[in-house]
Amino acid sequence: MKRYTLLTLAGLTILALVFGIKAVLAAPTTVPTAQASVLHPDFALLDANGVNVLESSAAVSTMKTCGQCHDTEFIAQHAFHSDLGLSDYNAKSDTFNSSNGLFGEWDPMTYRFLSPAGDERLDLSTAEWLMLNGERVVGGGPATTSRDGKPLIELNASKSNPETAILSENGTTDAWNWNESGTIEMNCFLCHIDGPNLEARAEAIHSGRFGEANTATLLDLKIVNQTAEGWVYNAEAFNEKGELKDDLLGIQDPTNNNCATCHGEIHTSEEPLTFNACDLNYPQTATTGQVVSAQRINTSGVNLSNKNELSRSWDIHAERQLQCTDCHYALNNPSHLSEIQSNNPEHLIYDPRSLEIGEYLQRPDHNFARGESAQFNVAPEYKGTMRRCENCHDATKGHADWLPYIETHMDAIACETCHIPQMYAPAIQSYDWTVVTTNGTAVTTCRGIDGTPNDVTSLITGYKPVLLNRTNSDGATLLAPYNLITTFYWVYDDANGNKRPVRQIDLDAAYLEDGKYTSDIVTAFDKNGDGQISSDELSIDSSAKEETVKAKLTALGLNNPRIEGQVQPYSINHNVTRGEFAVNDCKSCHDADSRVSQSIKLADNAPVMPVFDANNNVNSTGEMVKGQDGTLYYQPVPANDKMYVFGSSRVNWVDWLGALAFAGSLLGVLGHGTLRMLAARKQPKGHVRTERIYMYEPYRRFWHWLQTASIVILLFTGLIIHRPDIFGAFSFRGMVTVHNVIAVVLVLNAALSLFYHITTDKIREFIPHPYGFFDDAIVQAKYYINGIFKGDAHPFEKMPDSRMNPIQKATYFAILNLLLPLQIITGALMWSVQKFPAFANALGGLPLLAPFHSLVAWLFATFILVHVYMTTTGATPFEATRAMITGYEEVEVHEDESPKEVKK
Amino acid sequence: MTKRFPNWTLGLAGIILLIIVPVIYFLPNIQSKTDPASHLPEKVVHVDHTDIVKGEFKTGQDVTRACLECHEDAATDLMKTTHWTWESKSYDVPWRDAPVTIGKANQINNFCIGTQGNENKCMSCHAGYGWEEGRTTQQSNPENVDCLACHADPASYGKGLFGNPAEGIDLLAAARSVRTPTRENCGKCHFDGGGGNGVKHGDLDESLYFPSKNNDVHMGGDLNMQCTDCHWTQDHQILGRMVADNYTIDPKEQVSCEECHVSQKHEDERINTHLSSVACQTCHIPALALEDPTKVYWDWSQAGQEGRTDDHFTYLKIKGEFVYDKNFAPTYLWFNGNNEYRYILGDPLGEDGITYINKPAGSIEDNNSKIFPFKLHIAKQPYDVKNNYLLQPITSGKDGFWTTFDWNSAFQLAQDKTGLKYSGQYDFTTTYMYWPTTHMVQPADQALQCDSCHGENGRMDWEALGYPGDPIEWGGRK
């Protein structure tokens with residue numbers, strides 16, 4: 001009865017599990033995208049004092065205006081787009097980065113350095129930082145608040161304080177009066193209206209009139225005009241209550257066009273797409289080549305090689321009508337409740353309690369869900385809150401019909417690696433600030449384009465991103481695509497002993513005078529003596545040039561100037577594609593010429609060896625390699641990341657050793673055989689009397705030949721998997737499948753055979769007996785070395801219950817008890833990496849198991865070679881083989897000598 | 001077990017099986033897709049008639065008589081089909097008490113309007129001779145069947161007035177050139193319908209004589225399919241009907257993509273979710289009139305003006321003002337293959353100022369309907385103000401409008417031919433006609449993408465189709 005109860009309970013549990021799991025897998029519904037809302041009420045425009053602008057004709061204050069209904073204080077406090085690192089601002093001496101965000105992180109491409117307080121020389125002050133970067137600053141944060149949290153307007157204007165100073169063009173420091181210029185409040189209009197006037201706003205910010213920026217955003221919308229006397233509001237735009245008619249503004253959820261304001265090329269119209277290449281005004285495109293557009297690449301207007309074949313869209317999510325905000329949503333948005341589940345007790349899958357829409361609209365959290373990109377380190381506590389591929393797509397179902405080992409792949413590579421295989425826009429490759437052009441800019445190179453960027457005759461070739469391992473916030477490490485941007489620049493030690501980048505104004509002074517190169521610079525750089533510095537000559541590729549510039553910098557009072565270089569990875573997550581355009585050929589990675597180890601060019605020439613920036617979540621375990629012409633490359637080394645890719649990775653000494661063993665045996669076998677052949681000619685024919693004995697029973701023969709076939713096929717397919725570059729004709733996937741199937745056949749065959757031998761006690765035959773073993777073995781060995789050439793009889797007579805000589809016994813013992821189990825176990829562990837990675841990893845993982853498996857394979861191959869040769873040592877060369885087929889063997893009978901007793 | 005096979009062969013067979021069977025079972029099976037081209041009808045072997053056809057031919061009927069000597073049933077077979085009768089079978093329609101037939105012979109459209117009384121010109125596209133005898137006589141004589149129109153090499157044959165061979169045609173040479181009809185034969189009429197290249201259909205014009213693969217993936221490139229490869233023909237009964245001159249179409253007489261493209265499973269699963277509500281043509285025919293423009297608007301009311309220069313694409317004195325368009329998106333409607341209304345002579349005008357010559361049947365609630373592309377042709381054509389029906393003028397011949405430019409006389413002369421009484425007062429009204437689009441299929445990688453229909457720049461009018469909004473947001477029809 002007990003067993004019966006147990007069985008019923010087990011059965012019920014299984015049923016319950018099945019139903020339970022099915023219920024859990026119910027997927028949440030998608031969220032509709034927002035449109036310009038007709039529900040937003042009309043509202044009054046207020047100025048900074050809370051007075052209606054129709055009365056005061058002052059600039060609009062977004063905080064006060066939108067603050068009439070929305071909690072703008074809350075929003076401004078909870079917005080890393082606004083904060084930009086200010087709340088983490090902390091100048092340190094060991095790094096140029098004073099914060100994690102745009103305000104404080106030193107970008108070697110834009111080069112200007114935000115000077116902390118107390119610095120010897122002022123480079124970028126807060127005011128100038130705003131003027132340069134303000135187009136991409138939403139407002140609030142550093143645009144209104146000082147580094148220690150006070151409003152900027154409360155600071156005393158002082159030349160020595162980088163927050164209230166500004167570097168003038170001739171190098172002097174002036175004071176900056178925030179009360180005059182005003183500050184930029186967080187500008188709701190920038191993202192939340194249909195047609196913000198970006199040019200007017202940018203113009204106001206560039207000229208330092210910060211207080212006008214937000215109102216300038218409303219120009220040309222028939223709401224307000226700017227005159228010499230100030231702002232003039234259009235009375236027709238307001239209703240009788242003094243409220244702005246909402247249809248003029250078009251208040252809406254941010255659209256892709258809003259995001260494109262700062263982030264880069266996002267193309268939504270039907271016009272054939274063109275873009276500005278390598279232009280830092282479009283940062284996302286410039287640094288990675290990402291273009292977010294639904295348009296088909298072959299209908300776009302770019303001069304792209306092979307464009308006609310590219311019938312895919314630039315970005316498939318854009319094509320499928322996803323908006324930026326579908327993945328980068330506000331973290332307390334109730335319509336994204338299913339993604340924001342966190343910290344639930346274990347039993348609770350989904351907590352439906354959320355904000356009401358009205359509550360949310362009052363205090364929308366402007367800390368948006370974000371990914372784990374390499375570059376954007378601001379607000380790191382929000383990294384990984386974004387929906388990722390796996391939150392919407394089920395990789396096991398999507399790849400089910402063609403990709404083997406789905407989980408293994410998903411555990412090792414990020415979706416982007418195969419689904420963003422190629423970028424079709426140029427991206428920045430290097431910025432060389434060790435020199436300056438006469439325009440005062442660095443020497444830049446662009447990858448993925450033949451010719452000058454943005455010239456219509458240049459051919460865009462696009463580029464393949466480099467694959468690097470990325471450590472996600474949940475600890476998982478996945479291979480993902482990146483662009484690498486290399487920068488070179490001068491640094492010096494300032495009077496306080498801090499390392500600082502040489503200021504652009506000093507660099508200009510060292511190189512240029514009145515917009516032309518100084519004569520000593522020309523002398524140093526001009527190789528062909530034409531009196532001009534051409535673009536090839538403008539680089540520091542000799543110590544003479546370096547010394548010249550060093551001297552000039554030292555002359556400016558810069559202590560210990562030296563060159564440094566940095567390599568920065570830029571994440572690539574957009575421009576996703578599917579189907580035939582994604583990587584779906586195994587040999588893209590499983591081949592000698594693998595994507596995983598494909599190098600990327602860093603710079604055409606490197607004055608110093610740059611350092612891979614460590615301030616990100618990317619592993620840089622590869623090597624920097626300098627080519628013969630001075631070109632610098634980054635070469636990923638998968639083995640350094642403990643990656644083993646079948647067909648691509650190999651341990652060279654293992655292959656050499658194995659090949660040596662095989663080749664050596666081949667030579668030995670050929671030599672021995674030749675000698676025997678020569679010796680046999682001298683022997684009289686038929687001098688040995690043989691007797692026909694039934695030697696091998698059917699099962700023995702069957703399992704032997706099945707084992708032979710299996711091992712040979714395994715060796716053959718294994719070799720193809722190991723070296724697909726040599727055996728390109730075979731399908732990688734097919735070979736892996738055959739290898740696995742035959743491996744199972746082999747294991748079953750061996751297991752059954754083991755069972756047979758144990759139960760029939762025939763296993764005794766295989767066990768070499770220690771007593772007298774060595775003596776017998778030596779006798780046998782002597783026969784092979786000497787006696788066999790003389791036509792001597794075999795020292796040990798072959799009989800049905802004693803078929804193996806001592807050497808044979810020892811060899812088979814080793815093969816069957818050592819090599820075969822090792823090979824099976826390593827093979828099984830390698831296969832099990834997809835289901836039970838813990839076992840494999842405990843034993844060293846694939847980087848250890850796979851080369852070991854290869855080595856044993858070489859030994860097996862060697863064994864087969866020698867074994868087949870040894871079968872020719874029977875009465876006639878093919879007699880032993882024939883015996884293993886038919887079962888009957890003509891065994892030599894020892895006539896003139898009594899048969900040696902085989903010691904049992 | 002006989003001694004013929006030694007025991008060890010059994011073992012060998014066993015080993016081979018044990019290796020091969022698991023491998024085949026587990027090997028990733030490449031789904032062998034049947035090649036759609038395997039469904040193409042077998043071509044009849046060409047029989048060269050150069051030596052077979054003998055004799056002098058003075059008239060078209062002489063040629064036909066010669067053909068009928070061997071192909072005895074050909075004429076009677078053809079005479080059962082609409083290529084001969086120019087009239088559909090009779091339909092019971094809800095807006096009429098008696099059954100009606102619809103065809104070029106007895107109804108009108110909004111292009112050249114109608115053939116009755118205009119046989120001298122219009123019948124140059126009829127598969128028969130002898131229209132000068134009048135319809136009844138013409139239709140009853142098998143020798144009036146024009147074999148050469150479809151079977152002769154179009155370079156050696158052409159038709160003239162009343163369907164008779166054109167002046168100066170060498171009938172013997174034409175008769176000797178006969179072979180299976182090619183695109184050139186069909187195209188002579190179907191590409192130039194409405195009075196010029198590409199005027200009528202939008203998806204059939206002279207660019208299909210030598211199309212590139214991008215123009216039409218079936219007729220272009222290597223495939224070079226002929227009309228008869230899809231419009232399968234048996235005993236001169238040609239399958240593949242056009243709904244504009246029908247009320248309903250029996251599916252047995254229709255051809256569809258699925259005849260050859262048996263499985264419509266696309267590799268992208270998302271596309272497969274569209275199959276129940278979107279027709280193949282919708283995504284695979286992104287545009288009409290890819291190379292040669294088609295007429296989209298015809299204003300008869302402007303015809304007859306003095307002093308205006310004739311220009312094929314904008315104004316002809318005999319026909320009026322037109323608008324042509326090229327490479328444009330079709331109009332999309334729910335369609336189940338039939339019309340829900342077809343204008344019959346004498347029907348009253350439509351309300352709201354638009355008279356529909358035909359209205360495709362289908363709706364969002366009808367599970368047999370799918371969204372289908374149409375070419376919409378809008379015209380302003382004459383109607384009888386008192387009697388409130390559309391009029392068909394006599395246009396050709398010495399008394400026709402094209403000579404006299406007198407509408408009144410054109411309508412009066414037509415009274416006997418059409419049976420429409422003319423009150424003496426005419427005006428012009430707007431008419432719509434929907435022509436289903438099914439040719440100019442572009443290669444698969446040019447098919448519509450998601451953003452072609454969905455999203456801001458999408459080409460679908462969702463609310464007109466009966467959806468609350470874009471199905472990407474609202475979901476598809478239930």
* Asked: What pair of heavy atoms forms the shortest contact from B:I15 to A:L706, and how long is it?
  -> CD1-N, 3.5 Å
* Is the shortest heavy-atom distance from the side chain of A:V744 to the side chain of B:F26 under 4.5 Å? -> no
* To do: Supply the atom-to-atom distance A:N749 CG to B:L18 CG, rounded to the nearest 0.5 angstrom.
  => 8.0 Å
* Given side chains that start at C-beta, do those of B:E267 and A:E580 come closer than 4.5 Å, heavy atoms only? -> no
* Asked: Between CG of B:L448 and CZ of A:R296, what distance do you get to the nearest 0.5 Å?
  -> 8.0 Å
* Asked: Please walk me through it: do B:D268 and A:R320 pass salt bridge (charged side-chain N to carboxylate O under 4.0 Å, His left out)?
  -> CA-CA 13 Å; B:D268 183 346; A:R320 304 216 170 182; 2.5 Å; yes
* Atom CD of B:E456 and atom CG of A:N257: how far apart are they, to the nearest 0.5 Å? -> 7.0 Å
* Asked: After noting the C-alpha distance and the side-chain angles of A:R578 and B:E269, does the key distance pass the salt bridge (charged side-chain N to carboxylate O under 4.0 Å, His left out) rule?
  -> CA-CA 11 Å; A:R578 66 167 297 282; B:E269 276 179 55; over 6 Å; no
* Taking A:V745, A:I885, A:T886, A:V738 one by one, which has the highest count of heavy-atom pairs under 4.5 Å against chain B? -> A:I885
* Flag, side chain of B:Q449 to backbone of A:A294, donor-acceptor distance under 3.5 Å -> yes
* Asked: Under a 4.5 Å cut-off applied to non-hydrogen side-chain atoms, are B:V23 and A:T737 in contact?
  -> no
* To do: Compare every heavy atom of A:Q321 with every heavy atom of B:D451, then report the nearest pair and how far apart it is.
  => CB-NE2, 3.1 Å
